[in-house]
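Take a look at the structure set out below.
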Amino acid sequence: MPELPEVETVRSTLAPVLRGRTLERVAVLDGRLTRPEAPEAVAAELQGELVADVRRRGKYLIVVFASGRHLLVHLRMTGSFQHPVAEGPDPHRRAVVTLDDGSDVAYRDVRRFGTWILLEPGELEAYLSDRIGGEPLERAFTTARFARALEGRRAPIKGALLDQRAVAGVGNIYADEALWLARIHPERPAGELDAEEVAALRRAIRRVLRLGIERQGATLRDYRDANGRAGAMQHEFRVYGRGGEPCERCGTPIAKTRVAGRGTWFCPACQAPPSGRS
DNA sequence: AGTCCGACCCGAACGC
DNA sequence: TGCGTTCGGGTCGGAC
């Protein structure tokens with residue numbers, strides 16, 4: 001499931017392929033990808049664009065064109081890029097881009113949740129700031145800023161992490177890992193964390209995301225970088241998917257529950273539950 | 001305004 | 001073996 005480290009790994013493998021190249025031909029094979037825009041219309045607009053850079057904000061990939069336009073790609077659950085393109089038919093191929101060096105880049109997405117949105121010059125900042133909060137690995141993501149984003153919120157801290165407003169790029173897996181590292185129970189009301197806990201959570205988020213990037217992301221099933229390589233972060237999970245196994249800190253079996261509608265793993269001993277509850 | 005929940009998809013895992 | 005059912009995951013939009 002691409003979260004920040006996976007998207008960053010895709011970015012770092014896709015950027016050298018695209019940077020400085022012109023999109024000679026674009027075929028969008030799935031109408032859902034560009035909804036509500038017509039796939040042929042977006043494909044036609046992309047043709048001829050020169051790629052200046054490939055960036056990332058939260059879980060969004062941003063193809064920056066020299067024209068000032070941006071192609072915003074969200075991989076959602078199963079989106080991926082492929083370069084070089086695998087031989088043979090692929091029922092999950094949703095778009096193919098031919099570059100001016102003659103090579104093709106394919107976009108595939110089994111579950112078809114992913115989206116491509118073409119933004120005109122000047123539209124990017126507003127689009128992103130309406131949807132996502134601070135970039136957790138940047139200096140500007142301070143404890144004070146994080147605390148302000150959580151202030152007054154009664155939703156469980158895990159839910160606050162999953163909605164991208166407080167901090168961008170954390171999904172189900174890294175949320176569980178960060179909360180375990182910070183010793184915070186996933187159901188604690190977000191606004192009730194004290195300053196020390198917010199600081200610990202910020203550090204934990206940054207630590208698990210950095211490790212995820214170092215390991216080139218986590219491959220549970222589908223995830224691959226743009227060159228087709230799997231990540232290794234799945235070997236570093238302390239709680240995610242490990243129900244019943246002993247906690248590495250205290251030996252208590254890892255518990256599984258459901259928080260904010262998502263499967264949630266935590267240590268019931270070293271992540272203390274909200275006060276007044278058992 | 002904040003929070004919750006269903007919709008969007010489809011392959012895998014499971015139950016019978 | 002084969003069928004049907006359930007699950008999961010990020011984000012959006014509508015309901016509360």
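All values below were derived from every heavy atom in this structure, side-chain atoms included, with hydrogens, water molecules and symmetry-related copies excluded. Keep in mind it's a predicted model, so treat the numbers as computed, not measured.
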If you look at every strand shown and take non-hydrogen atoms under 4.0 Å, does A:Arg154 touch a base, only sugar-phosphate, or nothing? sugar-phosphate
Looking only at non-hydrogen atoms, find the nearest pair between A:Leu220 and A:Gln234 and report the distance. CD2-CB, 4.0 Å
Base, sugar-phosphate alone, or nothing: which one does A:Lys256 contact when heavy atoms must sit under 4.0 Å apart? sugar-phosphate
Integer-rounded Å distance: B:dG2 P and A:Leu162 CG: 17 Å
Ion pair present between A:Arg183 and A:Glu197, side-chain N to carboxylate O less than 4.0 angstrom? no
Return no unless some side-chain N or O of A:Gln164 is found under 4.0 Å from OP1 or OP2 of C:dG10. no
Both A:Arg262 and A:Pro156 contact DNA chain B. Taking the nearest nucleotide for each, which residue is further toward the 5' end? A:Pro156
Separation of C:dG10 atom C1' from A:Arg35 atom CZ, nearest Å, is 15 Å
What is the separation between atom CG on A:Leu220 and atom C1' on C:dG10, rounded to the nearest whole Å? 15 Å
Considering just the side-chain nitrogens and oxygens of A:His74, establish if one lies under 4.0 Å of OP1 or OP2 belonging to C:dG10. no
Polar pairs (N or O, both sides) under 3.5 Å between protein and nucleotides 12-16 of chain C?
from   : atom 1 : to       : atom 2 : distance (Å)
C:dC12 : OP1    : A:Arg131 : NE     : 3.0

Separation of B:dC10 P from A:His92 NE2 (nearest whole Å): 9 Å
Could you check how far CZ of A:Arg111 sits from P of C:dT11, rounded to whole Å? 15 Å
From OH of A:Tyr240 over to P of C:dG9, roughly how many Å is that when rounded to an integer? 4 Å
Would you kindly say whether A:Asp109 and A:Thr78 are connected by a side-chain donor-acceptor distance under 3.5 Å? yes
Whole angstroms only, please: what is the CG-C1' distance between A:Asp163 and C:dG10? 11 Å
To the nearest angstrom, how far is A:Leu161 atom CG from C:dT11 atom C1'? 16 Å
Are side-chain N/O atoms of A:Tyr174 and A:Glu6 paired as donor and acceptor at under 3.5 Å? yes
Where is the tightest heavy-atom contact between A:Phe266 and A:Pro268, given as atom of each residue plus distance? O-CD, 3.4 Å
Can A:Arg93 and A:Asp104 be counted as an ion pair, charged N to O under 4.0 angstrom? no
Looking at A:Lys158 and A:Glu187, is there a salt bridge between them, counting it only when a charged N and a carboxylate O are closer than 4.0 Å? no
Check for me: is A:Phe113 stacked on B:dC8 by the 5.5 Å centroid and 30° plane-angle rule? yes
